[in-house]
2 protein chains.
Amino acid sequence: MNLKELAAELHLSQTTVSRALNGYPEVSEKTREIVLAAAQRFGYRPSPAARRLATGRAHALGVVFNAERNALMDPLFVEYLAGVAETSAKQGFDILISPSTPRDEIVTFGRLARDGTVDVVILTGPKVADERIALLSELKFPFVVHGRPPDPVGISFIDIDNFGAFQQATSFLIQLGHRRVMLINGEEHFTFAQDRSRGAAVAFAAAGLPSDMLDEHFMPMTAENAYRCARQALESDARPTAILCGSILVALGVLRAAAELGLEVPRDLSIVAHDDEMPAFPADQFHPQLTTTRSSIRAAGTRVAEMALARVAGQKPGAVAEVWPVQLIVRGSTAAAPEKG
Amino acid sequence: MNLKELAAELHLSQTTVSRALNGYPEVSEKTREIVLAAAQRFGYRPSPAARRLATGRAHALGVVFNAERNALMDPLFVEYLAGVAETSAKQGFDILISPSTPRDEIVTFGRLARDGTVDVVILTGPKVADERIALLSELKFPFVVHGRPPDPVGISFIDIDNFGAFQQATSFLIQLGHRRVMLINGEEHFTFAQDRSRGAAVAFAAAGLPSDMLDEHFMPMTAENAYRCARQALESDARPTAILCGSILVALGVLRAAAELGLEVPRDLSIVAHDDEMPAFPADQFHPQLTTTRSSIRAAGTRVAEMALARVAGQKPGAVAEVWPVQLIVRGSTAAAPEKG
DNA sequence: CTCAGCGTTCAAAGCGCTTTGGAGGTTTTA
DNA sequence: TAAAACCTCCAAAGCGCTTTGAACGCTGAG
């Protein structure tokens with residue numbers, strides 16, 4: 001059943017039926033009701049393709065995702081996607097996933113923007129120098145950012161307070177008496193890694209401690225990388241008594257390193273990790289349960305999708321700039337620093 | 001630049017240009033080259049929407065994913081999706097993600113099938129009585145299945161050898177002297193859970209052991225559930241000496257239960273888990289490293305996408321029915337059963 | 001020399017929807 | 001009472017592509 005047939009059935013023109021269905025004011029309430037009822041009865045569903053062609057709007061939202069062999073953000077991504085999906089589905093928006101490797105990500109974005117397959121894209125994990133943002137801005141293609149854009153002016157984004165989270169976590173460790181602290185951070189070119197780095201540094205400065213007590217490492221946040229890094233540090237003479245982990249996965253690697261070296265957590269080593277609340281990977285299911293800085297990646301996904309849809313509906317870029325607070329949850333993986341041996 | 005303009009530019013008809021671009025034989029090689037070159041030069045890209053409307057084919061592949069609060073398959077899903085994305089991108093197919101809760105999943109599938117938003121859907125996690133399969137079959141909408149359909153006749157699917165994997169793993173434990181074995185399985189209504197159940201049962205039967213030595217539990221495979229279940233069993237008088245885990249997440253919960261009870265793995269308790277190779281969650285990053293039955297969820301995603309595309313290209317349903325072998329990888333979480341106290 | 005046959009190209013008709021520019025009919029205003 | 005102002009509704013023109021049916025020029029057979 002298409003519009004033409006439905007219109008014929010009702011002895012009305014396509015115009016009127018279309019308008020009735022789409023809530024235009026030029027049609028009387030009475031006919032609208034009749035049309036709506038008939039549409040319902042015949043199970044009429046407008047063809048998305050036709051509508052798309054006629055309006056030039058795709059009614060779809062694009063998400064580019066990293067399909068590289070070892071997609072680091074994997075478990076995060078689904079949870080995030082779930083959030084995005086939830087709200088966009090409510091508004092009848094489709095979600096188009098475009099796989100891409102970091103190398104040709106920029107091409108992928110260009111294609112999305114020019115093809116008209118989607119009306120807006122969501123950009124994740126902004127970098128210190130982000131050419132995707134540059135490209136989309138130049139093309140004047142609507143987009144919103146999940147994370148902190150390097151230059152937020154005129155860009156709608158939502159981010160968690162990475163700075164505050166790591167400042168708080170670091171201060172907490174310092175208060176517990178820890179002096180040699182290691183930070184296993186994400187890759188340097190991500191803005192979130194920079195923010196976290198600054199947070200930790202500021203905490204040290206505030207406590208009047210020299211910044212070289214903070215041993216910071218940037219790397220892709222995998223368990224494997226974290227294991228290697230932690231193992232090496234923990235075997236050294238001046239081993240850290242506390243490790244700040246960029247993610248739960250990092251904590252997994254650190255835990256393994258500690259276990260292998262016979263170090264007990266939290267007696268010999270304190271661990272605090274950032275937790276994005278992946279239900280599959282709950283911080284409280286570890287042994288010991290992990291002290292974390294917690295934020296909901298899913299809620300972020302929900303919000304960023306809302307923003308994207310608002311953007312399509314005409315909201316100005318830069319209208320939204322939210323930074324969500326992050327909560328420190330103290331569990332069993334942190335304790336007072338061990339007495340100096 | 002659209003087709004009309006390009007055609008005008010070349011002093012050719014739209015027909016010819018269209019055919020040249022789409023590789024139809026009715027156009028001479030010479031003109032084809034000219035057209036291709038011009039298209040390249042002007043950066044012409046056909047409008048997907050228009051093509052879709054004209055051909056009735058969406059050039060897109062649908063994946064329904066569970067956006068329920070605690071999406072259990074989360075970490076699996078991305079890795080799987082990465083596989084799907086990889087191959088479908090190669091063929092220029094878009095991937096449409098439709099969020100859905102289990103409750104209205106069937107509606108979602110119906111909509112996808114009728115709307116023409118996608119040409120084929122991939123169905124994941126088939127159940128013993130699967131109404132999605134019933135619906136799609138009835139609508140004669142192309143689909144392929146990832147996992148084992150209850151009635152595979154006339155259905156293209158790919159699955160891993162869940163039966164063989166768990167038979168092998170169970171036999172291995174029996175050979176190590178384990179007699180009280182627990183199996184923490186997925187939910188009963190999934191075909192994969194049934195297959196695994198049968199695999200374990202057959203191993204016991206083959207060893208001439210009574211089936212009640214196998215303590216089997218069906219549940220959503222979360223760390224939390226597994227923790228509870230394992231904890232309870234390990235505290236009981238006749239505690240199991242080995243636990244078969246349906247997933248790495250399940251193993252996480254079991255490890256925690258063991259640690260809390262002061263049980264050492266593998267001395268006091270052996271663990272073998274099924275591993276779908278999520279790079280984010282590697283079995284060899286645990287302590288101890290986990291003995292696993294391993295299969296690549298990503299490769300499965302790749303293959304199932306290929307199948308889906310073949311299906312669109314006209315391949316008959318039921319043409320593919322692959323069952324992939326699963327390898328048992330012995331690592332540090334298994335050992336001979338403890339002497340009877 | 002004519003005509004069938006072939007290889008190329010084209011004009012035009014959709015695909016199913018939205019939207020512009022009116023056209024009728026009814027009500028209000030002067 | 002006539003004109004202006006509405007309220008409803010409609011015919012038709014796209015949106016940018018594919019595809020059918022036909023036309024064109026050329027070659028080789030009769």
Side-chain angles (χ1 to χ4, degrees), chain A residues 1-36 38-39 42-60 92-94 111 113-119 312-313, chain B residues 1-36 38-39 42-60 92-94 111 113-119 312-313:
Chain A
M1 165 77 59
N2 59 22
L3 187 61
K4 196 180 193 171
E5 291 164 13
L6 181 60
E9 197 76 40
L10 287 164
H11 302 293
L12 283 172
S13 74
Q14 292 190 41
T15 312
T16 305
V17 176
S18 170
R19 290 195 157 143
L21 258 25
N22 294 320
Y24 281 73
E26 300 96 330
V27 45
S28 72
E29 269 319 307
K30 202 177 108 202
T31 32
R32 187 190 305 281
E33 273 170 31
I34 295 173
V35 170
L36 252 37
F42 292 111
Y44 167 75
R45 300 191 53 85
S47 146
R51 165 177 294 180
R52 182 168 302 195
L53 182 58
T55 59
R57 299 246 313 255
H59 233 70
F93 259 61
D94 287 333
R111 190 169 51 72
R114 281 181 267 252
D115 268 11
T117 327
V118 300
D119 301 316
V312 173
Chain B
M1 163 79 58
N2 61 20
L3 186 60
K4 197 179 191 172
E5 292 164 11
L6 181 59
E9 197 76 39
L10 287 163
H11 301 293
L12 283 172
S13 73
Q14 292 190 41
T15 311
T16 305
V17 176
S18 170
R19 292 195 155 141
L21 292 172
N22 294 320
Y24 281 72
E26 300 95 329
V27 44
S28 74
E29 268 320 307
K30 202 177 110 204
T31 31
R32 188 190 304 281
E33 272 172 31
I34 295 174
V35 171
L36 252 37
F42 292 112
Y44 167 74
R45 300 192 53 85
S47 145
R51 167 176 292 180
R52 184 167 301 194
L53 182 58
T55 60
R57 299 244 314 252
H59 232 71
F93 260 60
D94 287 334
R111 189 169 51 71
R114 281 181 268 251
D115 268 11
T117 327
V118 299
D119 301 317
V312 173

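Residue numbering restarts at 1 for every chain, and letters A, B, ... go by the order of the sequence lines.
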Please pick, from [options], the nucleotide with the shortest atom-to-atom distance to any side-chain atom of [X].
X     : options                : answer
B:L53 : D:dT19, C:dT18, C:dG16 : C:dG16
B:R19 : D:dT18, C:dC17, D:dT20 : D:dT20
B:Y44 : D:dC17, C:dC10, C:dC17 : D:dC17
A:A54 : C:dG16, D:dG16, C:dC10 : C:dG16
A:Y24 : C:dT19, D:dT18, D:dC17 : C:dT19
B:T31 : D:dC15, C:dT9, C:dT18  : C:dT9

How close or far is atom [atom2] of [N] from atom [atom1] of [X], stated in whole angstroms?
X     : N      : atom1 : atom2 : result
B:R45 : D:dC15 : CZ    : P     : 21 Å
A:L21 : C:dT18 : CG    : P     : 8 Å
B:R51 : D:dC15 : CZ    : C1'   : 16 Å
B:N2  : D:dG14 : CG    : P     : 14 Å
A:L6  : C:dC17 : CG    : P     : 9 Å
B:E5  : D:dG16 : CD    : P     : 8 Å
A:H11 : D:dC10 : NE2   : C1'   : 16 Å
A:L3  : C:dT18 : CG    : P     : 7 Å

OP1 or OP2 of [N] under 4.0 Å from side-chain N/O of [X]:
X     : N      : value
B:S18 : D:dT18 : yes
B:S13 : C:dC10 : yes
A:T16 : D:dC9  : no
B:S28 : C:dT9  : yes
B:N22 : D:dT18 : yes

A:K4 NZ to A:Q14 CD distance, which is reported to the nearest 0.5 Å: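 The CD atom of A:Q14 is 6.5 Å from NZ of A:K4, to the nearest 0.5 Å.
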Touch class at under 4.0 angstrom, heavy-atom based, for A:T15 against every strand present: base
Test item: B:R114 side-chain N/O and A:R45 main-chain N/O as donor-acceptor pair under 3.5 Å: no
Residue that, paired with B:Y44, satisfies side-chain contact (heavy atoms from CB on, under 4.5 Å) out of B:L36, B:L6, B:V17: B:L6
Min side-chain heavy-atom separation A:R51-A:R57 under 4.5 Å: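 Answer no - side chains too far apart.
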Between A:T31 and A:S28, a side-chain donor and acceptor under 3.5 Å: yes
